[in-house]
Amino acid sequence: MEMKCVLVFLLLTTTSVLCDLITDEEAAKQFADDVNIKAEEVNFRYVSAAWTYNTNITQENQEAMVAESLRLAEFDQEVAHNASAFFWTNFTDTNLRRIFSRLVDIGTAAMPDTEKLERLNHIQSEMRTIYSTGEVCLSESECLPLDPDLTRLFAESRDYDRLLAAWQGWRDVSGKKMKDLYEEFVALSNEAILANGYEDTGAYWRSWYDTPTFEEDLVDLFETLKPLYVNLHAYTRKKLRELYGADKFPSTGQIPAHLLGNMWAQTWNNLYDVLEPYQNKDSIDVTPEMIRQNFTAIKMFEVSDEFFESLGMIKMPDSFWNYSMLSKPDDRDVVCHASAWDFYNRQDFRVKQCTEITMEDLITVHHEMGHIEYFLQYKDQPVVYRGGANPGFHEAVGDVISLSVQTPEHLEKIGLIQNVTNDNEADINFLMRMALQKIAFLPFGYLIDQWRWSVFSGETPKDKYNEKWWDLRCKYQGVSPPVTRTEEDFDPAAKFHIPNNTPYIRYFVSFVIQFQFHRALCNASEQSGPLHHCDIYRNQLAGTKLSDMLKLGSSLPWPEAMMMVSGEDKMNGTALMEYFQPLTEWLQEQNGNDIGWEDACPKPDTKDPSSSNMNVISLPLFMAAVLYSLLKIRN
Ligand code: X8Z
Ligand code: ZN
């Protein structure tokens, strides 16, 4: 049956268009099935070209990838156009309505002007290439790429000036080179998204969470968790002042951003040796033991695969082992930032990771394997549903697993530590390690898209890009720029997800909900005892619960998916707070009232004592001091 209708387009001119919208739901199902088959093919071609570029950065591979992304956009446009011929908003079948709502929601592929779309794709790959091929020369004979060298330097060096040179050098060779490109990218992306019916790119990204109160919910969550972060920050600040000298930064302010063991100060686990609460306990960093046992990258992935298998979940297929890139090749440039790949043909799933033999990378291995497990579980869903219940779910799967893997009890089971002690001091040490990974990350995970949303909405124009970035870093993370920053710099793009255009709030969401999932799976496996001791290894009840949710992909609204596992339909911080409760109390005892900082970044002279720029107040003081010493010498 067809229905006569009148569509009124209120664009530049008011035009009435007569049309026949198709109401036949059987025909609609057939259409969706046909589209799905073609979507698998077109996506396969694009992903294959993107894989080739990401594992071998050349001009030719970049161009081939851009060409395939244009084909995919053309296909998406055609599908959206044809789907609009159906009166799908009126379908009785809820699932079919949901499928159609996805088919017409095509993101930047909606860009009407092909040349502009090509430019948009080109800019993105240019930015990626700049980021992934950048090297910092610390001396004439020492030029270092981000992975593994600069990453390792940040993890291991405690030399204030060397860290500073690497910090500044990385920002000079990455972000700084991309500011003009990024401005152009923002304008083009917004233009495309507008054609898809959203206010700006940020609004489009937020729409994936399908939660009208999403932004308020995030504010509430952040406020609930903030006291924990502030206490971890205060304790770390005190220890770092002892290590680097009290003259380096004030006891009541932000911490210079290059001292936290990570290029972006996003996780602080590499400072564990400095911050360990009880030094007399056995180490819980298993890196030395992994090296002693001759661990390889493949072995690390096998350990993770075995965990999923022990839960009765899906093992990695042969193609995974045959085609993944699990170590950094030495004969070509690659995008080293770890990622997981679904080729949309229901058989090819790969990880790309420049794996190093460290505990940190063992955790990233589990993170990536979580993505692959999700791909495997939902591979028979239609293409439009091959995604997480929301993007945060996708990021959470592997992390949920590694919450179990990292317990000392589990590390003992897999032979990476011996003689686990179980007392309060060991508990606090363990929770400190976890907090440096999970709590330290929260403000970083929160602020990146605060910055990006404000750029996409136009609230932050190009001449305020860097200022806004540091306003957020100083306010939320309590870290300060270690050298003067200006609008010549573009520090946000020194972080992978900005040039790569990967939305970031998903990680903040993930870091909250992974604890909700962990608690639910621990309950399902009937483990009593504190949440931070729970290990769901070999528990098929937990495995089935998780698999059942993953199988859904994005076919149901996320609160329903969450309900299936946890009996909850909202994000909340209670599981995370329960997990860290003993450490929270311990930190409060250590810190007393010596916590917190002012929102604003420090003025250049106070944060940079080595700076020769004297301000109006310090100059007269300096002159007085010189005069005084001259007089003293004369006397
Ligand atoms: O980018 C990642 C993963 C790939 S989705 C390695 N993560 C974020 C980051 O590295 O900044 C995982 C946690 C945060
Ligand atoms: Zn991820």
Side-chain angles (χ1 to χ4, degrees), residues 50-51 54 128 131-132 146-148 150-151 154-155 170 174-175 205 208 257 260-270 297 300-301 304 324-326 328 334-342 349-356 358-376 387-403 406 434 436-452 473 477 479 491-515 517 550:
W51 172 268
N54 274 264
R128 279 177 197 145
Y131 186 93
S132 290
L146 180 63
D147 290 302
L150 292 171
T151 304
F154 271 84
W170 175 246
S174 58
W205 289 2
W208 300 331
L260 290 145
N262 173 280
M263 179 61 93
W264 309 274
Q266 68 180 67
T267 47
W268 305 349
N269 36 293
N270 291 317
M300 288 157 75
F301 281 87
S304 178
S324 287
M325 185 199 98
L326 304 182
K328 183 177 178 174
V334 300
V335 176
C336 260
H337 191 91
S339 52
W341 296 65
D342 179 353
F349 307 92
R350 306 182 194 173
V351 163
K352 175 187 65 57
Q353 186 174 338
C354 298
T355 317
E356 291 284 290
T358 62
M359 185 173 186
E360 189 169 4
D361 270 16
L362 184 65
I363 294 156
T364 306
V365 163
H366 285 82
H367 176 93
E368 297 308 330
M369 291 293 256
H371 286 307
I372 303 278
E373 184 66 31
Y374 219 152
F375 298 154
L376 289 165
N390 73 36
F393 279 55
H394 228 302
E395 298 306 333
V397 180
D399 286 18
V400 169
I401 301 302
S402 80
L403 285 177
Q406 291 184 75
M434 296 306 292
L436 296 174
Q437 219 181 90
K438 302 294 180 185
I439 305 299
F441 181 79
L442 293 172
F444 186 77
Y446 181 67
L447 73 83
I448 293 223
D449 281 352
Q450 301 293 325
W451 180 83
R452 229 171 347 191
R473 294 262 277 169
Q477 269 189 292
V479 302
D491 296 328
K495 172 69 194 163
F496 175 78
H497 299 67
I498 302 295
N500 201 55
N501 200 32
T502 310
Y504 212 82
I505 200 66
R506 57 185 57 180
Y507 302 109
F508 178 76
V509 170
S510 158
F511 274 51
V512 173
I513 63 177
Q514 62 187 249
F515 286 91
F517 293 145
L550 303 187

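Every value quoted in this text rests on a predicted model; they were computed, and no experiment measured them. We count residues from 1, following the sequence as given. Note that ligands are numbered from 1 as they come in the structure, with each ligand's atoms numbered from 1 the same way.
Each of Y446, F444, F517, F441 was evaluated against F511; a single residue qualifies, F441, per the ring-ring contact (aromatic ring centres under 6.0 Å, His included) test.
Protein heavy atom closest to atom 1 (O) of ligand 1, with residue, atom name and distance, is H337 NE2, 2.7 Å.
Classification of the H367-H371 ring pair by plane angle, with boundaries at 30° and 60°, yields perpendicular.
Atoms of ligand 1 lying under 4.0 Å from any heavy atom of K495, numbered from 1 in the order shown and given with element: 9 (C), 10 (O), 11 (O). Of all atoms in ligand 1, numbered sequentially from 1 with element shown, those under 4.0 Å from a heavy atom of Q266 are 9 (C), 10 (O), 11 (O). In the vicinity of E368, heavy-atom distances shorter than 4.0 Å reach the ligand 1 atoms 3 (C), 4 (C), 6 (C). With ligand atoms numbered from 1 in the order given, ligand 1 contributes 5 (S) to contacts under 4.0 Å with heavy atoms of E395.
Contacts with ligand 1 closer than 4.0 Å are made by side-chain heavy atoms of Y504 only, the backbone lying farther away.
Between W170 and Y131, the distance from one ring center to the other falls under 6.0 angstrom. Y507 has its ring centre no less than 6.0 Å from the ring centre of H394.
For the pair Y507 and ligand 1, the shortest N or O to N or O distance falls below 3.5 Å. Among the atoms of H371, none of the N or O lies under 3.5 angstrom from an N or O of ligand 1.
Separation of atoms CE (M325) and OG (S339) is listed at 8.0 Å; rounding is to 0.5 Å. The CH2 atom of W51 lies 7.0 Å from the CH2 atom of W341; values are rounded to the nearest 0.5 Å.
Looking at E395, its N, O or S atom nearest to the Zn ion (ligand 2) turns out to be OE1.
With hydrogens and angles ignored, the 3.5 Å screen pairs a side-chain donor or acceptor of D449 with a backbone N or O of I505.
Between the Zn ion (ligand 2) and E368 there is no N/O/S contact shorter than 2.8 Å.
At least one heavy atom of A338 sits less than 4.0 Å from an atom of ligand 1.
Rounded to 10 degrees, the NE2-metal-NE2 angle spanning H367 and H371 at the Zn ion (ligand 2) equals 100°.
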Side chain to side chain contact (heavy atoms under 4.5 Å, CB included) assessment of I448 paired with K495: CA-CA 10 Å; I448 293 223; K495 172 69 194 163; 4.1 Å; yes
